[in-house]
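For reference, the structure discussed in these notes is given below.
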Amino acid sequence: MRNGLLSTVACLAAAFIVQAGPADAQTAAALTGQVSSTEEGNMEGVVVSAKKDGSTVTVSVVTDSSGRFSFPAAKLEPGKYTLKARAVGYDLPGTITADVATGKAATSQLKLTKTRNLSAQLNNAEWLMSMPGTEEQKRFLLNCNGCHTYERIVKSTYDAQGFLQVFERMSGYYPGSMPTKPQRLAGTATRDGMMSRGGANALKVAEWLASVNLSKTETREWPLKTLPRVKGKATQVVITEYDLPNNMIQPHDVILDQQGTVWYSDFGQQFLGKMDAKTGKVTQYPIPVVKQGWPTGTLDLEADKDGKIWIGVMYQANIAKFDPMTEKFQQWPVPKEWQTDAAQTGHLAVGATHVDGKVWIKNSDETNIYRLDVKTGKFEDLGNQTDPFNGRRIGTYGIHSDSQNNAYLLDFSSNNLVRIDAKTKALKFFKTPTEMSRPRRGRVDSQDRLWFAEYGGNAIGMLDPKTGEIKEWKVPTPWSAPYDALVDKHGDAWTGSMLTDRVARLDTKTGQYTEYPLPRPTNIRRVFVDDRTKPGTLWVGSNHGASIVKIEPQS
């Protein structure tokens with residue numbers, strides 16, 4: 001298995017003991033133990049997971065400096081659990097189980113062995129670290145990990161001409177495609193990203209890729225590099241993963257409403273999903289298809305002040321509002337005369353719709369910006385924006401609104417942040433200190449400051465529009481490529497990664513990051529923080545893993 005949590009029939013080198021401890025000493029923990037290996041002795045930073053037989057929920061903790069782990073009693077109900085461990089370079093041999101009982105603590109000593117197949121355990125960031133090539137060459141691959149892993153590329157046998165055909169073919173796939181569920185675009189639509197960023201250099205990129213895969217040799221000729229395991233504060237975390245009903249579900253955005261109900265958008269299917277955070281029960285609401293023959297799937301998920309759920313319905317070229325009380329959808333299609341085969345309404349902003357009754361919408365085709373008057377159903381086309389310094393079209397990705405419903409556009413093709421005044425429609429441009437930082441998605445906080453992820457700058461950024469100042473905090477792990485970012489009421493900023501299988505928490509007062517490791521490969525897009533707890537609780541979707549993940553720092 002690619003996640004490195006290999007299980008074999010025989011228990012080769014793992015010892016397992018279950019025992020009842022004194023009640024007064026064990027009430028805080030349901031399961032404790034230690035992880036070690038012959039090579040390292042006691043191992044810090046190993047993710048240990050426990051899944052009850054028949055359950056859809058997996059709970060994980062991380063070993064401390066002594067290699068010890070402890071599952072809080074509140075997280076594991078009585079029953080039989082299967083244990084797994086994740087530490088790159090190591091396997092947990094055998095099938096290890098534990099019987100958890102009320103008032104008793106199970107104890108397990110896990111002995112890891114060196115893996116025989118390191119390449120199967122590498123995450124996307126480690127593949128980029130390992131590949132020969134320049135940083136500029138590797139940046140091209142940031143267009144590919146939205147659909148599949150880099151392992152597929154380096155283990156392929158395409159020559160340069162073969163890769164050119166791959167580029168052409170991939171440009172015709174819907175962005176929410178996976179190897180297990182590809183969707184072709186309809187009509188004349190093609191994806192802008194892959195071919196345009198390769199551009200005239202497409203052949204050079206193809207030649208480089210053919211030099212790092214298996215097209216010229218049967219074995220890899222360069223060493224593999226891995227990220228060091230986390231230490232200290234990063235081990236103080238509990239991670240809960242909820243399996244979704246089928247592995248075709250791609251939870252792109254995950255949010256909580258005011259009642260604590262979990263909602264998710266499905267990037268590859270025409271559903272809005274709801275999950276009970278206590279039981280893990282999932283309900284899926286089909287969204288009516290308005291463009292037959294066009295790809296299905298949703299992206300941006302937002303809740304307005306009244307608790308209604310809004311969703312961008314991508315190539316169906318409409319946005320939808322869902323009323324949790326009536327369980328009914330209302331949809332607003334983009335006017336037909338404005339639509340092309342490439343019309344795509346994945347992003348919207350409703351945080352301040354109550355101010356003027358307007359919803360901001362982005363059409364990814366030519367990045368046209370619309371406003372919808374909710375009462376009248378009329379669309380206003382504000383066109384696309386151009387960079388006044390070079391005349392280049394702004395490549396808007398995320399669109400976000402402040403308390404007065406002014407809009408912010410995040411320029412994914414450069415380093416611009418663009419503010420549109422809701423009343424005058426005047427534009428104001430800000431540039432991040434890092435060139436080609438590629439701002440992607442973010443949030444506006446209670447002070448009207450814009451927080452955003454720099455996909456190309458490997459950072460969390462913050463714009464204070466009152467001063468025009470932009471701050472950047474570089475994420476410590478290379479190739480994190482943050483997709484989304486926000487700040488909570490406690491002063492922590494958060495982001496996730498499609499490459500590192502980690503989430504990052506930034507103390508904005510000290511500038512210090514804490515990165516928490518996840519128990520398996522986790523392709524993260526949107527990040528959402530429930531800051532009713534302190535520290536906040538982070539919720540993300542495992543976009544290619546058909547699960548929802550809750551990360552609870554313990555300090």
Side-chain angles (χ1 to χ4, degrees), residues 24-35 42-50 57-76 85-87 105 107-108 110 227-242 254 256 260 277-278 443 445 451 460 462 473-477 480 482 484-497 500-520 522 524 527-540 548-555:
D24 59 347
Q26 299 290 345
T27 50
L31 173 63
T32 63
Q34 198 164 35
V35 177
N42 295 334
M43 300 174 66
E44 184 176 12
V46 178
V47 183
V48 180
S49 303
V57 179
T58 302
V59 181
S60 301
V61 295
V62 186
T63 57
D64 64 15
S65 58
S66 299
R68 299 198 61 81
F69 63 88
S70 178
F71 288 85
K75 298 298 181 181
L76 299 185
R86 188 183 194 190
T107 304
S108 179
L110 304 181
L227 292 169
R229 294 194 305 274
V230 301
K231 296 181 179 181
K233 188 176 179 180
T235 67
Q236 300 166 18
V237 64
V238 177
I239 302 157
T240 307
E241 187 171 17
Y242 304 84
V254 175
L256 272 64
K278 294 181 180 179
R443 279 311 108 169
D445 69 14
W451 294 81
I460 291 175
M462 185 274 286
W473 294 267
K474 301 292 182 181
V475 181
T477 299
S480 291
D484 184 28
L486 81 168
V487 70
D488 65 25
K489 68 181 182 183
H490 309 303
D492 288 331
W494 302 78
T495 191
S497 173
T500 64
D501 300 338
R502 295 181 179 184
V503 297
R505 171 188 171 195
L506 167 70
D507 184 326
T508 58
K509 296 176 182 176
T510 65
Q512 295 298 308
Y513 273 98
T514 304
E515 294 184 283
Y516 301 104
L518 300 179
R520 67 187 183 107
T522 309
I524 298 171
V527 294
F528 181 92
V529 175
D530 180 359
D531 56 11
R532 294 175 297 180
T533 62
K534 186 177 182 180
T537 298
L538 183 69
W539 291 83
V540 300
I548 291 174
V549 187
K550 177 174 66 173
I551 299 99
E552 298 175 276
Q554 300 300 288
S555 64

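Small disclaimer: the values here were computed from a predicted structure and weren't measured.
Formation of a donor-acceptor pair under 3.5 Å by the Arg86 side chain with backbone atoms of Leu518 is found in this model. When atom types are taken as modelled, the side chain of Thr508 and the backbone of Gly491 share a donor-acceptor pair closer than 3.5 angstrom. Checked by atom type and distance alone, the side chain of His490 never pairs as donor or acceptor with a backbone atom of Gly536 at under 3.5 Å. Checked by atom type and distance alone, the side chain of Gln554 pairs as donor or acceptor with a backbone atom of Glu552 at under 3.5 Å. Although no hydrogens or angles enter the test, the distance criterion places a donor-acceptor pair under 3.5 Å between the side chain of Tyr513 and the main chain of Trp473. Although no hydrogens or angles enter the test, the distance criterion places a donor-acceptor pair under 3.5 Å between the side chain of Asp531 and the main chain of Lys489. Put simply, the side chain of Ser497 gets close to the backbone of Ser480: a donor and an acceptor are under 3.5 Å apart. Remark: side-chain polar atoms of Thr63 are paired, donor with acceptor, to backbone N or O of Val46 under 3.5 angstrom. Judged by distance alone, with hydrogens and angles left aside, the side-chain atoms of Glu515 form no donor-acceptor pair with the main-chain N or O of Ala234 at under 3.5 Å.
Pro72 approaches Val61 most closely through the heavy-atom pair CD-CG1, 4.4 Å. Nearest heavy atoms, Tyr242 versus Lys550: OH-NZ, 3.4 Å. When every heavy atom of Ile551 is checked against every heavy atom of Pro553, the shortest pair comes out as O-CD, 3.4 Å. Closest non-hydrogen pair, Ala87 versus Arg229, comes out as CB-CD, 4.0 Å. Of all heavy-atom pairs spanning Val254 and Phe528, the tightest one is O-CB, 3.2 Å. Of all heavy-atom pairs between Val527 and Asp484, the closest is N-OD2, 3.0 Å.
Residues Val62 and Tyr516 form no side-chain contact, since every pair of their non-hydrogen atoms from C-beta on lies 4.5 Å or further apart. No side-chain heavy atom of Val237 sits under 4.5 Å from any side-chain heavy atom of Arg505. Between Val487 and Met462 there is no side-chain heavy-atom pair separated by less than 4.5 Å. Counting heavy atoms from C-beta outward, Thr58 and Thr240 have side chains that stay 4.5 Å or more apart.
Atoms OG1 and CD1, on Thr500 and Ile524 in that order, are 7.0 Å from each other to the nearest 0.5 Å. Note: Leu110 CG to Gln34 CD = 10.0 Å, rounded to the nearest 0.5 Å. Separation of atoms CZ (Phe69) and OG1 (Thr32) is listed at 7.0 Å; rounding is to 0.5 Å. Expressed to the nearest 0.5 Å, how far CG of Asp488 lies from OG1 of Thr533 amounts to 8.5 Å.
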side-chain contact (heavy atoms from CB on, under 4.5 Å) between Leu227 and Arg502, worked out:
CA-CA 11 Å; Leu227 292 169; Arg502 295 181 179 184; 3.9 Å; yes
Apply side-chain contact (heavy atoms from CB on, under 4.5 Å) to residues Asp492 and Asp507 and explain how you reach the verdict.
CA-CA 5 Å; Asp492 288 331; Asp507 184 326; 4.2 Å; yes
Any chance you could lay out the side-chain contact (heavy atoms from CB on, under 4.5 Å) test for Gln512 and Lys233, step after step, and finish with the verdict?
CA-CA 11 Å; Gln512 295 298 308; Lys233 188 176 179 180; over 6 Å; no
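Counted by atom type alone, Trp451 and Asp445 present one or more donor-acceptor pairs between their side chains at under 3.5 Å.
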